[in-house]
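Only one structure is covered here, and it is reproduced in the block below.
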Amino acid sequence: MRGFVPDYELLAPSSLSEALALVEDGCRPFAGGTDLMVQLESGRLAHKRFVLLWKLDELRGIGANNAEVRIGALTTYTEVRRSELLRREFPLLAQAAAETGGVATQNRGTLGGNIANASPAADSAPPLLVYDAELELVSRAGIRRRPYHGFHTGYKQIDLEPGELIRAIILPRGRSRWRETFRKVGTRNAQAISKVCLAAAARCEGGRIRQIRIALGSVAPVPLRCVAAESALAGAAAGSVPDFPMEARPVSDIRSTADYRSKVARRLVEDFLRSLG
Amino acid sequence: MVGAAVPRKEGRAKVTGSARYAGDLRLAGMLHGVTVRSPAARGRIRELVFDPAFPWSECAVVTARDIPGENVVALIEDDQPFLAGAEVNHAGEPVALIAHPDRYMAERARTAVRVVCDELPAVLSISESDTVFREFRIERGDLHEAFGAAAFVVEGEYSTSAQEQLYIEPQGILATAAGGEITVRGSMQCPYYVHAALKRLFAIDGASIRVIQSETGGGFGGKEEYPSILAGHAALLAWKSGRPVKMIYDRAEDIFATTKRHPSRSRLRVAVSRAGALLGLDFDFDLDGGAYCTLSPVVLSRGAIHAAGPYRWPAVRVRARAWRTNYPPHGAFRGFGAPQSLFALERHIDVVARIVGVEPDELRRRNFLRQGDATATGQVIGEPVCLEGLLERALSESRWREKRERFRQENTASRVKRGMGLASFLHGAGFTGSGERRLESSVRLEAAPSGRVQVFVSSTEIGQGTNTILSQIAAEALGADVDDIEIVPPETGVVPDSGPTVASRTTMVVGKLVERAARALAERIAPFRDGRSFAEACAEAVAAEGRIEATEQYSPPPDVEWDDSTYTGSAYGTYAWAVYVAQVAVDTVTGETRVEDFVAVQDAGKVIHPVLAAGQIEGGVAQGIGWALYEDVVYDRGRVANARMTDYIMPTSSDLPPIRVFFEEHPYAHGPFGAKGIGELPMDGPAPAILNAIADAAGVNPVHVPWTPERLLEALDG
Amino acid sequence: MAERFLLRLLVNGVEREAAAWPMERLLDVLRDGLDLTGTKEGCGEGECGACSVLMDGELVNSCLVPALAAQGARITTIEGLSSGGALHPVQRAFLEQGGAQCGICTPGMILAAVRLLEQCPHPSESEIREGLAGNLCRCTGYMRILEAVRSASG
């Protein structure tokens, strides 16, 4: 343990409003801890005051009305996997949850925590982008809703105002006849940080792509929604593989090379396009 | 007893969590010790700067100046210090030690010291190095003639990366130094190595030093020589502070600072006849030894001797060199040089087969060593060699012919391409050459009044089940029950030096000594048997005769001669032979390789315990698969850049195929009940078998271990 | 600087308490505060699973759980599996099938297996492999571990 544990404050509020007051006071949110505790262990957790959100029921639960599904920020990967609703209507998210860490990590890792940690390699991010997710952000001042797309503004930077917490992730319902895929290429089969991660979905009609969503992880400083590629591919013949621009700007690191990531990202998309035929 | 899957002696404590490993040990007044390390891969230390704001009076601090004896880690050469003095030669080199009663404060203290260093240019590859730790040459026959006569001369270059042992229990030691006596307890494979190192460090009599092995959570060679350093450090802090000191590495420090498998570079030229007879082998084998010599000469030696593989070579020349660089010193890891050279050879044999136009199994079959043939060092194989039988079994169990046929057809229309690859190899058991003779290992058995027999050996249980195996051997020779045998916990001064727990020697060499001693004891007890159980008879015998004990010391088998100066003769008492087959599926879109099936067929001489023996092969194959595909120590200017389990990738249960293990038994005359050593054998086969399978599947030429998806894609597209 | 608090939890059916820092790892509270050393530290990053315990019935890596988050929790460690000297069926299976070699991963592996069998009494091979994928073993290649789980699943 390289972090100096006695220096760290962790406060346990009994309500969301209490939590928000602490956040306004400079405490950072602590959900399952699967990212923050690793940072603490390696001596790289600079911030010293945290608010434990784990017990707050206001941040839990998966609910739905006709228009949308609401996933509480503290929903764990295990809960995502176990949700029949999510598995049926948002299978890419359920699949991403199943490929994140092992069972023990899935029991404590939360969607909100994953988003707030803002790693470009987060496996939940590409599916959320593909499903046009929105985030419900709450502070003492009130509630704000915004698209998840664009929430990541730079490497590990998010559009969260001081005093704000992620309260829920909203997924619009009503998609039908979309063909979907989730492909994670990791360093090994299980419990791996992805080298490239693709979520893609397309609605085809009359032999043409009518709508398409492509999102990639680990190929840019932020989880990437490939808007330019989507524009280029809209209207293309289903099953064809036309030329399309890739906005990916991957780097070489200890896990993989920029070249590999670029190549594989493109190929995974091409694979998906072919499968639409 | 022998040959049966008896319940494992050490098992219950492990499944109940009551086994106590180094990290579980506590002593009153204990301090926590940490190591301050060099940031530079090479440089001159200008000074250590201690932050004045830190309460140093609460700490014990040790630097090189404090060392009472020699600042030398006793091993082979005297080149490695316990603590760097004026210069550092690798990143992470220990410079100072600090102990504090509070574990968090100890860690804070570590960051409150700055090592100020004038950096010097570091040597970070074999090709940049100009210093050789050791060099060997093995020569036999007329190489020039062989290459002149050859129909084909096939060249190839292969390389392997460093591999981390990644025992799940990190290194740890608890040391006390009180009343002129030093006691260290902890995770280790070789208590007597640690003992020898501490003697010189403290310049005190061996009788004043006690080294006790605690339950050890995996070693694989990583705890062969390294614990001497950690034990020395903990003992120095204990000696300086007058308090017990516990030093447990966290995973990052363990990966960053401890020994790795030697990276290698192999350049081969093979002369072969049109009919596929191997005529000559010219093998340049180079190892990166890191900054200090440590065990490089022995690793090099084993690698060089195994370089010729299980084949008959009319002419051979192996030029082997271990080079000094500024990486953290490389050291022992299961296989010990043989995985590196055998990988290159076995990969190259497939290339040769393709050029000659012969199937990979057929080329091997035509050239296998047979009884009466001589190896590259001139050792005449005196026992039957069962390689052909092993090959047939491996091909049959893996359904080699049928699958290769099917894959050839299916691959044309599939982006996932399947292939099969094989490797045939050998592994010498016991210390190389005159090593066992020099060790002079001994064991002692004592009959106790209770009727049990105590076995005193320095062999350490590190997961391989040695306590159970030695009990079986003793019980069988005594005509007793396994429960009548007690293995005394290894502690120097209590057990004799039976040599280190390495080199695939414990069952075969130490076990043989135990068998002989047990037979001697059995003779003394025989007069009292008379229808009684062993325990009753033994108790009677002790009551009647007083002390009953037997000591046995190693003596080399007859006709085993080795010449260190010419590097010729019988390198090992015996070899275990093996043929492994891998089936892979290569995803040509992502470059990922999945091992779908693995067949491991070997001759073990005699299987003492079927479950433990299979467990050794399964575990070794798993480590070999990891090494073949994704285990890679990534360095950044001489520092390990991926020193976390998140970043150093070993196989999970989801990554491995069923590993199907088959044993044949061709008894070794001088092994206990015929047993040969097999601990390291399974490390040699997986990498070449898998890379050969990838070549078969995807039509590329994999030449580096690990053959990562990145390399595979580059080869496919290039 | 934070303040220690009194952590109260139910460990292996027994009410226990220990003074702990809020961000102290549950792993360290168990091992040092409560002297339950059966739970091991292998990596400190939640990768190896040697520190796995059951917390409120679910498998967690105790190296990633801060003490404050464990307030009032029900914890099962390896020490809590055998009752009155009798081994839990999964422990017995590991013993009989050679599922433990060096034993350092074994406590976490057994708890993961226990939890897996609770949720999935007759798992397929791939379900077992997936369920145990967060518990690394360097010694066995997992073959005997799979055999042990199969044997315990009856």
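So you know, we letter chains A, B, ... as the sequences are listed, proteins then strands, and number each from 1.
Heavy atoms only, all atoms of each residue included: G141(C) and A622(B) are closest at CA-CB, 3.5 Å. Closest heavy-atom contact between P170(B) and G42(C): CG-O, 4.1 Å. Of all the heavy atoms in D28(C) and Y104(B), the pair that sits closest is OD2-OH, 4.3 Å. For the residue pair F94(C) and V15(B), the shortest heavy atom distance occurs at CB-CG1, 3.9 Å.
Rounded to the nearest 0.5 angstrom, C43(C) SG and Y648(B) OH are separated by 15.0 Å. For the atom pair CG (D35(C)) and CZ (R26(B)), the distance works out to 6.0 Å, reported to the nearest 0.5 Å. A distance of 7.5 Å separates CZ of R12(B) from CZ of R92(C), quoted to the nearest 0.5 Å. Rounding to the nearest 0.5 Å places CD of Q616(B) at 8.0 Å from SG of C139(C). In this structure, CD on E169(B) lies 15.0 Å from CZ on R138(C), to the nearest 0.5 angstrom. Here CD of E47(C) is found 8.0 Å from CZ of R644(B). Values are rounded to the nearest 0.5 Å.
Neither the backbone nor the side chain of L81(C) comes within less than 4.5 Å of any heavy atom of chain B. Both the backbone and the side chain of P651(B) come within contact range of chain C, with heavy atoms under 4.5 Å apart. Residue E125(C) touches chain B through its side chain alone, counting heavy-atom pairs closer than 4.5 Å. Using a 4.5 Å cut-off between heavy atoms, I462(B) touches chain C through its backbone atoms (N, CA, C, O) alone. Both the backbone and the side chain of T16(B) have a heavy atom closer than 4.5 Å to some heavy atom of chain C. Contact of P682(B) with chain C is not made at all, since no heavy-atom distance falls under 4.5 Å. Using a 4.5 Å cut-off between heavy atoms, V611(B) contacts chain C through both its backbone and its side chain. Heavy atoms of A133(C) lying under 4.5 Å from chain B belong to its backbone as well as its side chain.
With a 4.5 Å cut-off on side-chain heavy atoms, M143(C) and V661(B) do not count as touching. The side-chain heavy atoms of I168(B) and K40(C), taken from C-beta on, include no pair separated by under 4.5 Å. Counting heavy atoms from C-beta on, the side chains of T652(B) and L136(C) come closer than 4.5 Å.
Ion pairing of R144(C) with E618(B) is present here, as a side-chain N (NZ or NE/NH1/NH2) and a carboxylate O approach within less than 4.0 Å.
Side-chain atoms of R251(B) never come within 3.5 Å of backbone atoms of E45(C) as a donor-acceptor pair (strictly under, hydrogens ignored).
Counting heavy-atom pairs closer than 4.5 Å to chain B, the top-ranked of the candidates G103(C), G44(C), C105(C), G38(C) is G103(C). With chain B as partner, the option from Q101(C), M109(C), H88(C) having the largest number of non-hydrogen pairs under 4.5 angstrom is Q101(C). Interface remark: of the candidates T106(C), I145(C), N135(C), T106(C) forms the most heavy-atom pairs closer than 4.5 Å to chain B. Comparing Q623(B), K14(B), R8(B) by how many heavy-atom pairs each has under 4.5 Å with chain C, the most go to K14(B).
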Exercise. Passes side-chain contact (heavy atoms from CB on, under 4.5 Å), I248(B) versus E41(C)? Steps please.
Worked result: CA-CA 10 Å; I248(B) 310 285; E41(C) 175 168 0; over 6 Å; no
